[in-house]
Enquirer: 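The following block contains the structure, expressed as structure tokens.
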Amino acid sequence: MTQFSGTKMPTLAVSIILAISLLFICIVKLYAQNTTQIIEFSGKDFSKISGNIDGIQENKNIHHYDLTREDSLLVFLHIQKTGGTTFGKHLLKDMEGFSCPCTLRSRHKQRHCQCHHQSNHQLWYFSRYTRGWACGVHPDYTTLKYCLPNLLERRPEEDKPLSLTAPVTAKPQVHPNYLYVTVLREPIQRYLSEYRHTKIGAKWPVREVLCKNGKFYLDPNPMRQHSPSICFPEGAIVWTGVTLEEFMECELNPATNRMTRMLADMTNISCNADLLNNKQRSDELMLESAKYNLRTFAYFGLTEFQRESQDIFEKTFKVSFSKEFGQQETNASKMNLTSATLTRIQEINHLDVALYRWAKDLFLSRVG
């Protein structure tokens, strides 16, 4: 029997251990390179995917979804002044093979439409026309994420704006496959359109901020709440006659970077006390979150590309529209602005400008 000296035995053992360790590290690295990491943003740091979004290739191809499945629920996230009203009506009236009989509610003078699967009478299309503003007026992604599971348990006649105190714990009878869709618009034109809308005396209600687990958070500093009334003259309830300069000067005007804010998951941003005091970091995370969510949406269209938007929707959901999406000239596009004013609008809407540029590249890669 071979005898090992007292010094050779430990040396051999160490060598074996090192070899096994190196082999284990190689296996782990190989596995990581071939495994898709799923990141849940609620309570997570968006920076974990920072820098990776622009290089992702898998979602450049059009994905296909079956709206006739009994668990399919098309959720329209309607961003203000993007042509969403027209798009929403196309979904109601012009999709061949899908019926949405509508009635006019006399009390509110609002259209109420029955868009239900024939097999189980579950809702297949969620929008202001099918359930009103049950999740609030123009609910954003954060609000819809927490509102929908609770809302779908109720009958339409029970709908009311989301309560600040009601826990979000209910589960829908048929767990739906949420298919989010939205429309984006060139950010300068969208901002100017919202300005004109505000100038004639229109407004939208203040939006509370949802935090983790469906709890609500209201910043004790009212200047941080994105409420239109922050910008109004003292005592005014609307901003009629506002000049464009005044509109741009209000730092917390909710029109500014609205698309990015509405598409982002704000729970990890608005509810984080440290981020509230670090605007640059908060902006970075909000933009990354908006890109991430938009990339996972079943569909998004661009106001400036109506025909292409229709074509992508038809291919995505394997449906046809009886009418073509029309390209229309807007009043915002007719405004005469100096180059300095345009530059200023671009600067204050830098998040929406970056989001739209990224989204347009992704959109055009899906055309054809």
Side-chain angles (χ1 to χ4, degrees), residues 59 62-79 82-105 108 110-162 168 170-183 262-263 293-294 296-301 309-325 366:
N59 272 16
I62 296 176
H63 287 197
H64 301 288
Y65 303 92
D66 184 2
L67 282 181
T68 63
R69 283 182 43 170
E70 64 177 20
D71 64 341
S72 292
L73 177 59
L74 201 68
V75 179
F76 178 30
L77 194 161
H78 184 176
I79 302 172
T82 59
T85 299
T86 301
F87 173 74
K89 290 180 179 178
H90 278 306
L91 300 183
L92 278 179
K93 302 189 298 182
D94 302 330
M95 279 177 56
E96 297 179 352
F98 290 83
S99 175
C100 285
C102 300
T103 57
L104 195 64
R105 286 181 171 177
H108 304 290
Q110 293 178 342
R111 181 182 301 182
H112 178 69
C113 304
Q114 302 285 338
C115 300
H116 295 145
H117 290 289
Q118 294 182 356
S119 59
N120 61 1
H121 302 290
Q122 296 290 328
L123 198 68
W124 67 262
Y125 174 38
F126 177 85
S127 77
R128 59 187 285 193
Y129 297 113
T130 58
R131 296 301 290 261
W133 294 120
C135 289
V137 178
H138 287 284
D140 57 19
Y141 174 81
T142 308
T143 303
L144 287 171
K145 180 173 132 181
Y146 286 101
C147 172
L148 283 175
N150 184 43
L151 176 69
L152 296 178
E153 275 292 303
R154 304 200 304 262
R155 295 185 297 274
E157 59 269 22
E158 298 174 326
D159 286 354
K160 57 184 177 180
L162 191 62
V168 183
K171 300 292 183 183
Q173 292 178 354
V174 174
H175 184 70
N177 178 26
Y178 297 120
L179 303 174
Y180 279 92
V181 299
T182 194
V183 178
M262 289 188 68
L263 288 172
N293 287 335
L294 189 62
T296 61
F297 275 23
Y299 163 88
F300 70 89
S309 295
Q310 177 180 350
D311 183 59
I312 291 177
F313 190 97
E314 291 178 335
K315 289 179 179 177
T316 298
F317 297 104
K318 299 179 181 179
V319 298
S320 297
F321 287 94
S322 58
K323 294 182 180 178
E324 289 190 359
F325 291 11
R366 296 174 175 176

Enquirer: Verify side-chain contact (heavy atoms from CB on, under 4.5 Å) between Leu144 and Tyr180, making sure each step is shown before the conclusion.
Expert: CA-CA 10 Å; Leu144 287 171; Tyr180 279 92; 3.9 Å; yes
Enquirer: Would you give me the side-chain donor-acceptor pairs under 3.5 Å for residues 312-320, sequence neighbours excluded?
Expert:
residue, atom, partner, partner atom, Å
Glu314, OE2, Gln310, NE2, 3.2
Glu314, OE2, Phe321, N, 3.0
Lys315, NZ, Asp311, OD2, 3.3
Lys315, NZ, Gly368, O, 3.1
Thr316, OG1, Ile312, O, 2.7

Enquirer: If we ignore angles and hydrogens, is there a donor and acceptor under 3.5 Å between the side chains of Thr296 and Asn293?
Expert: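 No, no side-chain donor-acceptor contact under 3.5 Å.
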Enquirer: Does Thr182 reach the main-chain N or O of Leu77 with its side chain, forming a donor-acceptor pair under 3.5 Å?
Expert: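 Such a contact is found between Thr182 side chain and Leu77 backbone.
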Enquirer: I'd like to check the side-chain contact (heavy atoms from CB on, under 4.5 Å) partners of Thr103; sequence neighbours left out, ordered by chain and number.
Expert: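 If we apply the side-chain contact (heavy atoms from CB on, under 4.5 Å) test to Thr103, skipping adjacent residues, the hits are His112.
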Enquirer: Taking the side chain as everything from C-beta on, heavy atoms only, tell me whether Leu123 gets closer than 4.5 Å to Phe126.
Expert: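 Side chain of Leu123 against side chain of Phe126, heavy atoms only: contact under 4.5 Å found.
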Enquirer: Apply side-chain contact (heavy atoms from CB on, under 4.5 Å) to the pair Leu148 and Val75, showing each step before the final yes or no.
Expert: CA-CA 9 Å; Leu148 283 175; Val75 179; 3.9 Å; yes
Enquirer: Where do Leu74 and Tyr178 land on the side-chain contact (heavy atoms from CB on, under 4.5 Å) test, with the steps shown first?
Expert: CA-CA 6 Å; Leu74 201 68; Tyr178 297 120; over 6 Å; no
Enquirer: Do Met95 and Leu67 have side chains that get closer than 4.5 Å, going by heavy atoms?
Expert: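 Heavy-atom side-chain distance check passes, below 4.5 Å.
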Enquirer: Kindly indicate whether the side chain of Asn120, heavy atoms from C-beta on, has any atom under 4.5 Å from the side chain of Asp71.
Expert: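 SC-SC contact between Asn120 and Asp71 ruled out.
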Enquirer: Specify the closest pair of heavy atoms between Ser119 and Glu70, including all atoms of both residues, with the distance to one decimal.
Expert: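 Minimum heavy-atom contact is OG-CB, 3.6 Å.
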Enquirer: Any sub-3.5 Å donor-acceptor pair from Tyr299's side-chain atoms to Ser309's backbone N or O?
Expert: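 Such a contact is found between Tyr299 side chain and Ser309 backbone.
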Enquirer: If every non-hydrogen atom of Tyr129 is compared with every non-hydrogen atom of Gly88, which pair is closest and at what distance?
Expert: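 Looking at all heavy atoms of both residues, the closest pair is CE1-C, 4.4 Å.
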Enquirer: Tell me every residue that passes side chain to side chain donor-acceptor pair (under 3.5 Å) with His90, counting only those two or more places apart in sequence or in another chain.
Expert: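 His90 satisfies side chain to side chain donor-acceptor pair (under 3.5 Å) with Asp94 only.
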Enquirer: Output all residues satisfying ring-ring contact (aromatic ring centres under 6.0 Å, His included) with Phe300, sequence neighbours left out; order by chain, then residue number.
Expert: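 Phe300: no ring-ring contact (aromatic ring centres under 6.0 Å, His included) contacts found.
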Enquirer: Run the side-chain contact (heavy atoms from CB on, under 4.5 Å) test against Asp66 and tell me which residues pass, sequence neighbours left out.
Expert: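 Scan of Asp66 (side-chain contact (heavy atoms from CB on, under 4.5 Å), adjacent residues dropped) gives Thr68, Arg69.
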Enquirer: Got a sec, which residues hit ring-ring contact (aromatic ring centres under 6.0 Å, His included) with Phe76, two or more places apart in sequence or on another chain?
Expert: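 Per chain and number, Phe76 pairs via ring-ring contact (aromatic ring centres under 6.0 Å, His included) with His78, Phe87.
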Enquirer: With a 4.5 Å limit on heavy-atom distance, are the side chains of Trp124 and Ser72 in contact?
Expert: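 Not touching, per the 4.5 Å side-chain cut-off.
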Enquirer: Can you list everything that forms a side-chain contact (heavy atoms from CB on, under 4.5 Å) with Gln118? Sequence neighbours excluded, please.
Expert: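 For Gln118 there are no side-chain contact (heavy atoms from CB on, under 4.5 Å) partners, ignoring immediate neighbours.
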Enquirer: Kindly write out the residues that satisfy salt bridge (Lys or Arg N to Asp or Glu O under 4.0 Å) with Lys89, not counting sequence neighbours, or none if the list is empty.
Expert: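 In terms of salt bridge (Lys or Arg N to Asp or Glu O under 4.0 Å), with neighbours along the sequence ignored, Lys89 is linked to no residue.
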Enquirer: What's the verdict on disulfide bond (SG atoms under 2.5 Å apart) for Cys135 and Cys147, showing C-alpha distance, side-chain angles and the deciding distance?
Expert: CA-CA 6 Å; Cys135 289; Cys147 172; 2.0 Å; yes
Enquirer: Let's go through Asn177 and Leu73 carefully: what are the C-alpha distance in whole Å and the side-chain angles of both, what is the deciding distance for side-chain contact (heavy atoms from CB on, under 4.5 Å) to 0.1 Å, and is it a yes or a no?
Expert: CA-CA 6 Å; Asn177 178 26; Leu73 177 59; over 6 Å; no
Enquirer: How about Cys100 and Cys113, are their SG atoms within less than 2.5 Å of each other?
Expert: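 No.
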